[in-house]
Amino acid sequence: MRAALLQMTSSDVPEENLATASAMMREAKAEGADFAFLPEVMNCLSTSRSRQNEVLRLEEEDATLPALSALCAELGMWALIGSLGLKTHDPDGRFANRSFVISDKGEIVARYDKIHMFDVDVTPEETYRESDGYRPGDKAVVAETPFGAIGMTICYDVRFGALHRRLAKAGAQILTVPAAFSHVTGAAHWETLLRARAIETGCFVIAPAQTGTHATTRGQARRTHGHSMVVAPWGEVLADAGTEAGVTIVDVDLSLVQKARRQVPALQHDREFDGP
């Protein structure tokens, strides 16, 4: 599989972000990509709940999803829409942070709602309460594709190893971690966490990310870490996109999954144990 990681600096204007993503997907196809991987909340990155309420839509009314699906069909290319912020029918009014796998026919193959919410106090000046605006998902998802089985996660999920192990045991050969990682926690933990998830599961980890300072029409600007990565099952970093927006092409050899799992078959060595 030739993978294309689309590293974006999304704004809070969905139409602008769709145009950027579409141009990047065309560039990726021109470079021979079979599968494009887009970052978290690629349609709208905003710190303002009022702005999100203004521009986000229900999945069935959203314009970004059908446009990218149609582009996949036009280009004959698969895509992971890392996630879209979407309104829901929930009475509490919270949004969904939802990832999609789209086939080369433009069909939605799988959906995944982010399970773990980023409710943290990174510094006194940088705090997040994702659960105030987004409802958590409650279902792990493995998407079947011609290139291999994909275990779907989003951003903060990467800190929860049990989820990734469960996905690998369910057949995942690739773990996706689309992200809008904090520039503070990203510098400290991003690469280490991605490599750990690859090593402990024997999976490829493909992590397309947001990067830079994100323009907003309301609220505070937000900075993200960038460094979209592909990590091999043995833990090697095959690609690091740095901090500039753009397309990174990586050839992924799925036979390395079986090789790593033969060398260290840790997924077969779980044991029950007593204790706290």
Side-chain angles (χ1 to χ4, degrees), residues 3 5-8 10 17 21 35-47 52 56 59 62 64-65 68 79-88 94-102 108-120 128-143 145 149-168 170 172 174-183 185-186 189-191 193-194 196-198 201 203-211 214 222 224-231 241:
L5 282 72
L6 277 54
Q7 184 157 283
M8 298 177 64
S10 292
N17 300 325
F35 210 129
F37 295 84
L38 284 67
E40 182 184 20
V41 289
M42 54 76 50
N43 63 327
C44 177
L45 201 155
S46 175
T47 61
Q52 290 169 324
L56 298 185
E59 180 183 324
D62 175 73
T64 300
L65 181 58
L68 293 179
L80 174 89
I81 301 176
S83 78
L84 301 176
L86 296 167
K87 287 183 175 177
T88 71
R94 288 189 294 175
F95 310 115
N97 190 342
R98 184 170 296 156
S99 185
F100 298 85
V101 172
I102 309 297
I108 297 173
V109 172
R111 296 171 174 83
Y112 165 72
D113 284 6
K114 185 177 182 180
I115 291 173
H116 300 97
M117 297 288 99
F118 193 50
D119 293 349
V120 301
Y128 300 90
R129 293 293 180 270
E130 187 175 17
S131 64
D132 285 350
Y134 287 87
R135 65 173 196 192
D138 58 8
K139 183 179 180 182
V141 176
V142 175
T145 80
I150 294 176
M152 301 171 71
T153 79
I154 299 172
C155 201
Y156 189 51
D157 285 332
V158 76
R159 293 183 181 271
F160 300 86
L163 170 61
H164 298 77
R165 191 172 190 83
R166 184 163 172 178
L167 291 167
I174 299 165
L175 301 172
T176 52
V177 191
F181 230 71
S182 156
H183 70 288
T185 59
H189 302 149
W190 173 244
E191 180 178 333
L193 287 165
L194 295 175
R197 297 297 83 86
T201 63
C203 287
F204 276 94
V205 173
I206 299 180
Q210 296 278 359
T211 191
H214 302 265
R222 180 173 163 187
T224 54
H225 178 62
H227 294 278
S228 299
M229 284 190 179
V230 175
V231 183

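The distance from atom CE of M42 to atom CG of L6, rounded to the nearest 0.5 Å, is 8.5 Å. Rounding to the nearest 0.5 Å gives a distance of 13.5 Å between CE of M117 and CZ of R129. For the atom pair CG of L167 and OG1 of T201, the computed distance is 9.0 Å after rounding to the nearest 0.5 Å. For the atom pair CG (L68) and CG (L84), the distance works out to 7.5 Å, reported to the nearest 0.5 Å. The CG atom of N43 sits 7.0 Å away from the CG atom of N17 when rounded to the nearest 0.5 Å. The CG atom of L193 lies 12.0 Å from the CG atom of D157; values are rounded to the nearest 0.5 Å.
At a threshold of 4.5 Å between non-hydrogen side-chain atoms, the residues Q52 and F95 count as touching. Looking only at side-chain heavy atoms (C-beta outward), H116 and L163 come within less than 4.5 Å of each other. Side chains of L194 and H227 form no contact here, defined as non-hydrogen atoms less than 4.5 Å apart. Counting only heavy atoms from C-beta outward, the side chains of V41 and H214 never approach each other to under 4.5 Å. Residues I108 and L65 are in side-chain contact: their nearest non-hydrogen atoms beyond the backbone lie under 4.5 Å apart. Annotation: side chain of L80 is in contact with side chain of M152 (closest heavy-atom distance under 4.5 Å).
Legend: residues meeting ring-ring contact (aromatic ring centres under 6.0 Å, His included) with Y112, ordered by chain and number and at least two apart, are absent. Scored by the side-chain hydrogen bond (donor to acceptor under 3.5 Å, both in side chains) test, T47 finds no partners at all (sequence neighbours excluded).
In plain terms, the two heavy atoms of I115 and A140 that are nearest each other are CD1-N, 4.2 Å. The shortest non-hydrogen separation linking A172 to G151 is CB-N, 3.6 Å. In this structure, C44 and L56 approach most closely via the heavy-atom pair CB-CD2, 3.9 Å. Scanning both residues, A170 and V142, for their nearest heavy atoms gives CB-CG2, 4.1 Å. Annotation for T153 and P178: closest pair O-CD, 3.0 Å, computed over non-hydrogen atoms. For L5 against S228, the heavy-atom pair with the smallest separation is CD2-CB, 3.7 Å.
Using modelled atom types, no side-chain atom of T224 and backbone atom of F181 make a donor-acceptor pair closer than 3.5 Å. Remark: side-chain polar atoms of E40 are not paired, donor with acceptor, to backbone N or O of Q210 under 3.5 angstrom. At distances below 3.5 Å, at least one donor-acceptor pair connects side-chain atoms of T88 with backbone N or O atoms of R94. Of the possible donor and acceptor atoms, none in the side chain of S83 sits under 3.5 Å from a partner among the backbone N and O of R98. A donor-acceptor pair under 3.5 Å links the side-chain atoms of D119 to the main chain of E130, judged by distance alone. Of the possible donor and acceptor atoms, none in the side chain of D113 sits under 3.5 Å from a partner among the backbone N and O of K139. At least one donor-acceptor pair closer than 3.5 Å links the side chain of R222 to the backbone N or O of A180.
Within 6.0 Å of atom CG in D132, more than 12 heavy atoms from other residues, nucleotides or ligands are found, so the atom counts as buried in its surroundings. For CZ of R166, the number of neighbouring non-hydrogen atoms (other residues, nucleotides, ligands) closer than 6.0 Å is 12 at most.
Between F35 and F37, the two ring planes are parallel [angle under 30°; tilted spans 30° to 60°]. Classified by interplanar angle (parallel below 30°, tilted 30° to 60°, perpendicular above 60°), the ring pair W190/H225 is perpendicular.
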